Each structure stands twice: as C-alpha cells, then as structure tokens.
Novice: 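Below is the structure I would like to discuss, written out as structure tokens.
These values consider heavy atoms only, across backbone and side chains, with no hydrogens, waters or symmetry-generated copies. All values derive from a computational prediction rather than experimental measurement. Count residues from 1 along the sequence.
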Amino acid sequence: IRYDYIKNYKDKLLYLYKDLIQEQDDKNDVIILLRDSNSDSSFKLPDDYYTSILDRLSFDKLYISFDHIEKHKSLMAKLERYQPILLDLPILDLFKIITSKKTIVGCQGTFSFWACWLSGADSIYWPITTIGPNLGDWAVNLKVDNEDRYTFINVDNKPK
C-alpha cells in the first residue's frame, strides 16, 4: 500500500468500512499499538518510542493493543505504572476499539495504519523508522502527509 494511492478516497473508504469504525468515545484515554513479527524483527519499535510519548501526555487510562506480548516484556514492565488495560480481542473487535480512541500511538504495519487513519482520533503519533515499512522508501508508504492530527516521531529501530 502507498498512501498516495488512497488519500483522495478517504470518504469512500470510511463509508465502505463503516461497520469496523466506532465513534470517538471522548474519554481522555490513550491506546498504544504494539507490533512484532515472528519472521521480521524490524517491526518491533524500541521501548523509548512509546515511553517518551506517554511521558509527555496527560491521560486517564492506557490501553494496549498487541500481538506477541511476550516479545514486549521490557516495555510492559516500564508501563506497569500506568496500570494498562491489555486488549486481547478478536482482530475486528480490536480494530473497532482503536478507532474509538482520541489519542493513538501507532506502530509499524498496515493494521496500525488503517486503524489510525480511519479512526476519529484527535492525535495520532506515527513512527518514521530507519528500517521496515514505516521508512517510506519501500513499495509501501504509510506516511499520512495531509492530516494535522499526525505527529511524526523519528525512530531508530535498527537491531542492535
């Protein structure tokens, strides 16, 4: 997917996917999206991507959307102080909840892209990475370049 191919069709896509999108819940909550892969470790973002954003925000509840939670142990330990609510749900139910939040901290990948972009969120934090699909120089380009609600965060996610 390249954002350039779909950005002029947002209204049509919102209509087509309306059953997957919930109205904003107007609570002062944040949801973070965690992603890792069993085959490509470049999808995982460093802990400080999430913690540095959360440290700057004021919110009531933290929700966490995840896959492969066992691969995020160090981050989960750092987030314990927020008493996060873990969302272990069927994927379509999870998508709906993500779209309802006012503040979303995205991750790499198309699931995160679609949930963020189709959401009613006021603020979306989006990683621009050094490797992986959020780099933007692949055949994939997930950078939404025409919406003020996006804040782009440069992330060095090269494996150490």
Side-chain angles (χ1 to χ4, degrees), residues 1-3 6-7 9-38 40 42-72 75-76 78-80 82-129 132-134 136 140-153 155 157:
I1 184 174
R2 292 191 64 79
Y3 180 60
I6 63 168
K7 70 175 155 183
Y9 302 101
K10 187 168 186 178
D11 289 340
K12 185 173 197 97
L13 290 164
L14 283 167
Y15 176 77
L16 289 172
Y17 294 111
K18 67 182 181 252
D19 293 339
L20 297 178
I21 302 164
Q22 287 185 350
E23 286 191 40
Q24 191 181 83
D25 65 15
D26 288 326
K27 295 178 183 173
N28 187 32
D29 299 334
V30 173
I31 187 165
I32 65 171
L33 312 182
L34 304 181
R35 174 80 197 276
D36 202 338
S37 168
N38 283 326
D40 183 352
S42 72
F43 278 88
K44 185 176 180 182
L45 298 174
D47 294 356
D48 66 347
Y49 164 69
Y50 297 101
T51 57
S52 65
I53 293 169
L54 293 175
D55 287 345
R56 296 188 311 234
L57 299 176
S58 173
F59 56 92
D60 297 326
K61 291 181 184 175
L62 173 64
Y63 291 85
I64 300 177
S65 161
F66 60 88
D67 65 359
H68 310 294
I69 193 75
E70 70 281 356
K71 294 184 178 187
H72 300 280
L75 177 60
M76 296 306 294
K78 294 171 187 171
L79 299 179
E80 282 180 5
Y82 297 111
Q83 300 176 320
I85 299 163
L86 302 180
L87 299 174
D88 188 13
L89 301 167
I91 195 147
L92 296 180
D93 295 335
L94 181 59
F95 192 94
K96 289 176 185 179
I97 288 174
I98 294 167
T99 64
S100 74
K101 298 303 175 194
K102 286 174 77 169
T103 303
I104 304 172
V105 180
C107 63
Q108 292 212 84
T110 54
F111 179 81
S112 179
F113 167 81
W114 283 105
C116 289
W117 189 55
L118 293 175
S119 77
D122 295 338
S123 298
I124 298 168
Y125 294 86
W126 190 255
I128 303 299
T129 59
N134 286 25
V140 174
N141 180 357
L142 304 176
K143 185 177 181 183
V144 177
D145 59 6
N146 63 338
E147 293 190 20
D148 293 338
R149 63 192 182 135
Y150 279 80
T151 299
F152 299 105
I153 309 294
V155 178
N157 65 320

Novice: Could you tell me whether the side chain of Val155 reaches within less than 4.5 Å of the side chain of Gln108, counting heavy atoms only?
Specialist: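 No. Closest side-chain heavy atoms not under 4.5 Å.
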
Novice: Evaluate the ring planes of Phe113 and Trp117, with Trp represented by its six-membered ring, and classify them as parallel (under 30°), tilted (30 to 60°) or perpendicular (over 60°).
Specialist: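 Geometry flag for Trp117 against Phe113: parallel rings.
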
Novice: Whether the side chain of Lys61 engages the backbone of Ile85 through a donor-acceptor N/O pair (distance < 3.5 Å, no angle test) should be reported.
Specialist: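 Side chain of Lys61 to backbone of Ile85, a donor-acceptor pair under 3.5 Å: no, none is there.
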
Novice: Are Phe111 and Ile98 packed together at the side-chain level, in the sense that at least one heavy-atom pair is separated by less than 4.5 angstrom?
Specialist: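 Of all side-chain heavy-atom pairs linking Ile98 with Phe111, at least one is under 4.5 Å.
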
Novice: Does Asp67 use its side chain to pair, donor to acceptor, with the backbone of Asp36 at less than 3.5 Å?
Specialist: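 Yes, Asp67 side chain to Asp36 backbone: donor-acceptor pair under 3.5 Å.
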
Novice: Does the gap between the ring centers of Tyr49 and Tyr125 come in under 6.0 Å?
Specialist: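 Distance test on ring centres: not under 6.0 Å, no.
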
Novice: Can you confirm whether Thr151 sits close enough to Ile53 that some side-chain heavy atom of one is under 4.5 Å from a side-chain heavy atom of the other?
Specialist: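 A side-chain contact is absent here, since even the closest heavy-atom pair is not under 4.5 Å.
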
Novice: Looking at Tyr82 and Tyr63, would you say the former's side chain and the latter's main chain have a donor-acceptor pair under 3.5 Å?
Specialist: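 Not at all, since once roles are kept as given, no pair shorter than 3.5 Å links the two residues.
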
Novice: May I ask you to establish whether Lys12 and Tyr15 are in a cation-pi arrangement, using a distance under 6.0 Å from NZ or CZ to the six-membered ring centre and at most 45° from the ring axis?
Specialist: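 Judged by the rule (NZ or CZ under 6.0 Å from the ring centre, within 45° of its axis), Lys12 is not positioned above Tyr15.
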
Novice: Using a 4.5 Å cut-off on heavy atoms from C-beta on, say whether the side chain of Val144 contacts that of Ile124.
Specialist: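 Sidechains of Val144 and Ile124: no contact.
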
Novice: Apply side chain to side chain contact (heavy atoms under 4.5 Å, CB included) to residues Ile128 and Lys143 and explain how you reach the verdict.
Specialist: CA-CA 8 Å; Ile128 303 299; Lys143 185 177 181 183; 4.0 Å; yes

Novice: Indicate yes or no for a side-chain donor-acceptor contact from Thr99 to the backbone of Ile21 under 3.5 Å, with no hydrogens or angles considered.
Specialist: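 Checked: no pair found.
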
Novice: Dump the intermediate steps for salt bridge (Lys or Arg N to Asp or Glu O under 4.0 Å) on Lys101 and Asp25, then the final yes or no.
Specialist: CA-CA 6 Å; Lys101 298 303 175 194; Asp25 65 15; 2.7 Å; yes

